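Below you'll find the structure, written out as structure tokens, and then a few comments.
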Amino acid sequence: MLDPNLIREHPEYVKEGIAKKGANPSLIVDFLSIDNERKILIKEVDGLRHLRRNLSEEIGLKIANGEKPEETRSKVRDIAKEISDKEKLLEEINTRFTNILLSIPNIPFKGVPLGKDEAENIVLGRFGKKRVFSFVPKPHWEISENLGIIDFKRAVKISGPRFYILRGMGAKLERALISWMIDLHTEKHGYKEILPPFLVNRNSMVGTGQLPKFEEDMYKIEGEDLFLDPTAEVPVTNYHSGEIFNESDLPIKYVAFTACFRKEAGAAGKDTRGIIRVHQFNKVEMVKFVKPEESYKELKTLLENAEDVLKELELPYQIKMMCTGDLGFTAAIKYDPEVYMPSQDKYVEISSVSNFEDYQARRANIRYRTKDGELKYVHTLNGSGLAVGRTMAAILENCQQEDGSVYVPNVLQKYVGTDKITKEV
RNA sequence: GGAGAGGUGGCUGAGUGGUUGAAAGCGCCUGACUCGAAAUCAGGUAGGAGGGUAACUUUCUCGUGGGUUCAAAUCCCACUCUCUCCGCCA
């Protein structure tokens, strides 16, 4: 959430900021009026509590002195009644206060280009060499079905649409990608590996900003306070919720593999074939907790770490910078590395690297103590490194051969145990 | 799932109705001593929300929520989590 003081002191700035994301600036007007009401009520309640306390102590003294406290006692009884009435009002207003704070999105970083939606995102650069094909490259779903390494039909039977089953070398390639990516980030980039639960509670989902606003996109366990991870960002960021670091502990860098579960509620008809948009996919995610003054430096290396995966796999990619309208609810800035898919001659999002500044840290209450003893919110960042299913799709398409086989990128051969995937039964 | 025990500050651990947001110890910070360090001595050391430029001040928080009472860390109820034993189970 945003700093309430920032909203109080610079309401116009905040209004403009959230308007760039397409949020309604009237949220800020509402917030300020609730805030005002709340402060008045707090003052009243605090005053009454103070009075009650003093009179109660008086009663104690009177009893000790052998005096009769009845008169004071009935006075306090009346005050207590008044307090409990006002407390109910305060509780109500506190709920409204929190709810509105939770529904105000983060403000874009000043360098983020203004834009309404994904059409106005900016390509910052293209990297890697696109292969010249001597044949018409096939889409990954054809390649994989021909090879017998992905089964789409039976996935529908046992689960439903937007699921898929990996078999044989398909399954092994997926496993290899996960292991290799984690090893790359732990050994080369200095991240600590975490394997978190795939189910998290509501509080965690609120902490990272998935809830309360995007509940319809999340899978919920019926009758329990549990949701399926939409991304490892949720368990890993909340790993430190409510905690206070020492300044010397920062930065903290984690890499985590989880399966990710998404309803894809608003995506009807989009990417219906293949493994690009599915309800369950594997992802390796990097998460950082850093000092505010270092967060943009850390963002840069985070992006480099994500790009490194693509570089080592020798996959052509581009970096897109999200415009204000496509940043999402919680991010202040976001870069999307996109991998080249030959069959469509298009770049497809394969990672997403964001700085949330202190927005998630406030929600999840993650702070650190400076050398001077001051408490401050950390900045949180995360980036996929990478979405494993989409990486597999990219490998299948970019590394396909005319005979239908697929060569395995150098760095993976050790993990897969072969340099070539051929048709299997 | 059944039975029992227990949740107090960074940690250990006192506290069973009235200046207790909380003794003591450890840890940490500052100062003194020291060439420096250790030891020792003195002092400081939870968080949230209001108010105040600030010093400071009011209030809330002893797992969570409710109740009793003029007054609750302390009494009552519910829930929750942890630990031990039994059962079940990958």
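All values below were derived from every heavy atom in this structure, side-chain atoms included, with hydrogens, water molecules and symmetry-related copies excluded. Quick caveat: nothing in here was measured; it's all calculated off a predicted structure. Each chain gets a letter, A, B and so on, in the order the sequences are listed, and its residues count up from 1.
What separates CD1 of A:Ile83 from P of B:A72 is a distance of 10 Å, to the nearest Å. Nucleotide B:A71 holds its C1' atom 14 Å from the CG atom of A:Leu51, rounded to whole Å. In this entry the distance linking CD of A:Glu224 with P of B:U80 reads 12 Å, nearest Å. Rounded to an integer number of Å, the gap from A:Arg49 CZ to B:A71 P is 13 Å. As a whole-Å value, the separation of A:Leu375 CG from B:A49 P is 11 Å. Here the C1' atom of nucleotide B:G48 and the CD1 atom of A:Ile244 are 11 Å apart, to the nearest Å. For the pair A:Arg77 CZ and B:U69 P, the computed distance is 8 Å after rounding to whole Å. Taking atom CG on A:Asp78 and atom C1' on B:C70, their separation rounds to 11 Å, with Å as the unit.
Side-chain proximity of A:Arg53 to B:U59, B:G51, B:G48: nearest is B:U59. When the nucleotides B:C70, B:G50, B:A46 are ranked by their closest atom to the side chain of A:Ile59, B:C70 comes out on top. When each of B:G48, B:G50, B:C70 is scored by its nearest atom to the side-chain atoms of A:Arg367, the top-ranked nucleotide is B:G48. Taking the side chain of A:Glu91 as heavy atoms from C-beta on, and the options B:G48, B:G66, B:G50, the nearest nucleotide is B:G66.
Sequence order on RNA chain B of the closest nucleotides to A:Thr72 and A:Val45 puts A:Val45 first from the 5' end. Judged by closest nucleotide on RNA chain B, A:Gly60 is the one of A:Gly60 and A:Arg38 placed further toward the 5' end.
Heavy atoms of A:Ile63 sit under 4.0 angstrom from at least one base atom. Residue contacts shown for A:Leu55 are absent, as no nucleic acid heavy atom lies under 4.0 Å away.
A:Tyr368 does not carry A:Lys376 over the face of its six-membered ring by the limits of under 6.0 Å from the centre and within 45° of the normal. A cation-pi contact, defined as under 6.0 Å to the ring centre and within 45° of the axis, is absent between A:Lys420 and A:Tyr407.
The P atoms of B:U64 and B:C81 are separated by 15 Å, rounded to the nearest whole Å. The gap from the P atom of B:A72 to that of B:C60 amounts to 9 Å, rounded to the nearest Å. Nucleotides B:C79 and B:U84, compared at atom P, are 23 Å apart to the nearest Å. Only the P atoms considered, B:U74 is 14 Å distant from B:G66, to the nearest whole Å. Taking atom C1' in both B:G1 and B:G10, the straight-line distance is 37 Å, to the nearest Å. B:A23 and B:C77 are spaced 29 Å apart, taking the P atom of each and rounding to whole Å. Using C1' as the reference atom, B:G15 and B:A22 are 8 Å apart when rounded to the nearest Å. Taking the P atom of each, B:A37 and B:A54 are spaced 36 Å apart, rounded to whole Å.
A:His50 has a side-chain polar atom (N or O) that falls below the 4.0 Å cut-off from OP1 or OP2 of B:U59. Taking only side-chain nitrogens and oxygens, A:Lys39 never comes nearer than 4.0 Å to OP1 or OP2 of B:A49. The shortest distance between the side-chain N/O atoms of A:Arg362 and the OP1/OP2 oxygens of B:G48 is not below 4.0 Å. Under 4.0 angstrom from either OP1 or OP2 of B:A72 there lies no side-chain N or O belonging to A:Arg52.
Base-pair partner of B:A71: not found among the strands shown (Watson-Crick or G-U wobble, both distances under 3.5 Å). Pairing for B:G36 is absent, with no Watson-Crick or G-U wobble pair whose two atom distances lie under 3.5 Å. Taking a pair to require two hydrogen-bonding distances under 3.5 Å in either a Watson-Crick or a G-U wobble arrangement, B:A54 remains unpaired. Base pairing of B:U12: its partner is B:A24, meeting the Watson-Crick or G-U wobble criterion (both donor-acceptor distances under 3.5 Å). With a cut-off of 3.5 Å on both pairing distances, the Watson-Crick or G-U wobble partner of B:A3 is B:U84. In this structure, B:G43 forms a base pair with B:C29, meeting either the Watson-Crick or the G-U wobble geometry with both donor-acceptor distances under 3.5 Å. Judged by Watson-Crick or G-U wobble contacts below 3.5 Å, the nucleotide B:G65 has B:C77 as its partner. Here B:G17 sits opposite no nucleotide as a Watson-Crick or G-U wobble pair (both hydrogen-bonding atom distances under 3.5 Å).
Residue A:Tyr296 places its OH atom among more than 12 non-hydrogen atoms of other residues, nucleotides or ligands, all under 6.0 Å distant. The neighbour count for A:Glu9 CD, taken as heavy atoms of other residues, nucleotides or ligands under 6.0 Å away, is above 12. Taking a 6.0 Å sphere around NZ of A:Lys116, one finds it holds 12 or fewer heavy atoms contributed by other residues, nucleotides or ligands.
Ring geometry for A:Phe97 against A:Phe31 counts as tilted: the plane angle lies between 30° and 60°, on a 0 to 90° scale. Aromatic ring pairs are classed by plane angle as parallel below 30°, tilted from 30° to 60° and perpendicular above 60°; the pair A:Tyr164 and A:Phe152 is tilted.
Side-chain atoms of A:Tyr377 and A:Asp3 form no donor-acceptor pair, as typed in the model, at a separation below 3.5 Å.
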